[in-house]
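First up is the structure itself, then whatever we jot down about it.
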Amino acid sequence: MADSKPLPCADGDPVAMEALLREVFSIVVDEAVLKGTSASEKVCEWKEPEELKQLLDLELRGQGERREQLLERCRAVIRYSVKTGHPRFFNQLFSGLDPHALAERIITESLNTSQYTYEIAPVFVLMEEEVLSKLRALVGWTSGDGVFCPGGSISNMYALNLARYHRYPECKQRGLRALPPLALFASEECHYSIKKGAAFLGLGTDSVRVVKADERGKMVPEDLERQIRLAEAEGAVPFLVSATSGTTVLGAFDPLEAIADVCQRHGLWLHVDAAWGGSVLLSQTHKHLLDGIQVADSVTWNPHKLLGAGLQCSALLLRDTSNLLKRCHGSQASYLFQQDKFYDVALDTGDKVVQCGRHVDCLKLWLMWKAQGGQGLELRVDRAFALARYLLEEVKKREGFELVMEPEFLNVCFWFVPPSLGQQRSPNYSQELAQVAPALKERMVKEGSMMIGYQPHGARVNFFRVVVANPALTRADVDFLLDELERLGRDL
Ligand SMILES: Cc1ncc(COP(=O)(O)O)c(C=O)c1O
């Protein structure tokens with residue numbers, strides 16, 4: 001009796017399902033895509049958490065709701081969410097909304113499959129390998145391995161685990177008991193995921209030896225050499241160096257060739273965290289910033305950042321051709337990876353990773369690439385550099401703006417010094433300046449006019465980091481950003 005009729009709501013009712021989805025798609029296109037990327041709309045609609053909870057009516061109840069009410073809820077979710085595709089969103093290392101990547105995300109979500117076997121993801125298994133091999137070719141490798149991971153932090157952690165396994169394969173079975181005290185090296189500007197990874201893998205954050213960076217934020221190879229010797233003298237065994245191509249705050253590129261020499265001399269695994277800067281490899285003009293990357297053992301590259309492929313799209317690329325990923329992480333679950341399947345079981349790539357189910361992340365980059373071509377993507381990278389240059393020149397020209405340093409990349413870092421602070425520098429100047437960026441951030445978010453990140457950094461007090469990544473940006477948006485800071489900060 002009970003199962004002779006479809007379940008209530010849209011479940012099992014094709015007419016209701018179609019009506020719901022068509023309406024939701026139309027809300028998505030109108031509200032999230034068109035309004036969400038329009039400069040004449042707000043980038044965010046700030047509400048205090050208690051008010052937002054009320055507005056969203058978050059409580060989950062016993063009774064289901066009618067379609068009209070559900071559609072209103074979809075609108076509210078979009079209304080109160082931050083529009084990261086908006087041309088005034090400069091807050092993160094990703095921005096913009098690529099329609100092809102979005103279309104592919106919708107397809108991916110609709111198909112709702114897992115990347116682990118050819119059996120249930122034939123298209124995506126083949127496509128992932130094609131996309132990874134394209135990225136590897138840009139790194140400079142004609143062969144190798146890789147996998148899409150849930151974010152750059154996880155890609156970095158995989159690199160640490162692989163380097164450790166490569167040196168001490170017995171640790172897979174015997175764990176930390178099989179290991180001497182290990183040491184890995186990264187600069188003071190590296191992403192925090194390196195320390196998190198060391199903690200997560202049981203190495204401990206103390207195993208991360210922090211290498212000095214120069215005034216531009218680049219790792220100092222001489223200090224790397226010094227730290228390696230120091231670690232050895234203290235009885236630790238160095239096994240990996242993580243260099244960064246495009247540091248998170250300053251956008252610096254570590255000198256890979258010099259670092260690679262040090263790694264080679266000491267027999268160390270070289271990982272390059274190019275989560276942010278990897279996409280520069282697409283640009284003939286700027287790819288020299290990553291010279292030397294081809295000798296790395298592993299590379300993290302997030303197309304979801306500069307290329308705007310959509311969260312998440314992060315590749316871990318390996319030079320290895322010995323099936324290291326599978327050997328390190330595989331556990332041959334017989335219910336999933338049967339060896340007597342009717343097709344080539346090498347296509348079941350799920351044992352390369354520590355996850356079981358894995359989201360499909362290759363498709364959004366693939367269609368975007370098909371649409372733009374490598375040349376279109378190169379143009380985006382070059383245009384971002386040009387706009388960052390324009391912002392830099394404007395910052396230099398305007399009174400009240402003080403550059404932190406000449407940027408090498410798309411992170412343009414500066415202080416806004418309001419007129420009240422600029423006239424006479426008080427003994428408390430630094431403390432007062434430190435309060436400017438948080439105060440301006442509050443104003444811009446509450447007005448919804450734009451979003452820019454800020455941070456203290458080493459001895460420097462809070463400054464803005466504007467990230468020029470959105471391919472839809474124009475000079476007018478850059479002018480707006482500076483005008484708006486002046487407007488919001490005039491009376492501070
Ligand atoms: C240099 C660098 N590496 C790694 C990451 C982490 O990437 P994800 O946010 O995808 O975990 C970031 C994030 O900003 C980064 O800047």
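Remember, it's 1-based here, ligands and their atoms both numbered in the order they're listed.
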| Sequence neighbours excluded - side-chain hydrogen bond (donor to acceptor under 3.5 Å, both in side chains) pairs with any residue from residues 105-117 | E109-H359
| said: If only side-chain N and O atoms count, and only distance matters, is there a donor-acceptor pair under 3.5 Å linking W276 with N411? | reply: yes
| request: Any atoms of ligand 1 less than 4.0 Å from a non-hydrogen atom of A275? List them with their elements. | output: 2 (C), 3 (N), 4 (C)
| query | Judging by distance only, is a nitrogen or oxygen of G152 under 3.5 angstrom from one on ligand 1? | reply | yes
| Quick one: which ligand 1 atoms are inside 4.0 Å of a heavy atom on H304? | 10 (O)
| request: For residues Q227 and V211, report the shortest heavy-atom separation together with the two atoms involved. | output: CG-CG2, 4.2 Å
| message | One pair to check against salt bridge (charged side-chain N to carboxylate O under 4.0 Å, His left out): E104 and K370. What are the steps and the verdict? | response | CA-CA 12 Å; E104 290 296 3; K370 283 279 187 199; over 6 Å; no
| request: Using heavy-atom distances, let me know which of Q312, M157, E189, K305 sits nearest atom 9 (O) of ligand 1. | output: K305
| query | Polar-atom distance check: N302 versus ligand 1, any N or O pair below 3.5 Å? | reply | yes
| field | Any N/O pair D273/ligand 1 closer than 3.5 Å | value | yes
| note | Per-atom filter on ligand 1: closer than 4.0 angstrom to a heavy atom of G246 are 1 (C)
| query | From D382 CG over to L282 CG, what is the distance, rounded to the nearest 0.5 angstrom? | reply | 9.5 Å
| message | Under a 3.5 Å distance rule, please check whether N323 uses its side chain to pair with a backbone N or O of K326 as donor and acceptor. | response | no
| Among pairs that include at least one residue of residues 249-272, which meet side-chain hydrogen bond (donor to acceptor under 3.5 Å, both in side chains), considering only residues two or more places apart or in two chains? | N156-H271, E225-R265, E225-H266, W269-S298, H271-S298, H271-T300
| Should T248 be counted as touching ligand 1, given the test is an N or O pair under 3.5 Å? | yes
| request: For L93 and ligand 1, answer yes if some heavy atom of the residue is under 4.0 Å from a ligand atom, otherwise no. | output: yes
| message | Suppose I only count heavy atoms of S153 and a 4.0 Å limit; which atoms of ligand 1 are within that range? | response | 6 (C), 7 (O), 8 (P), 11 (O)
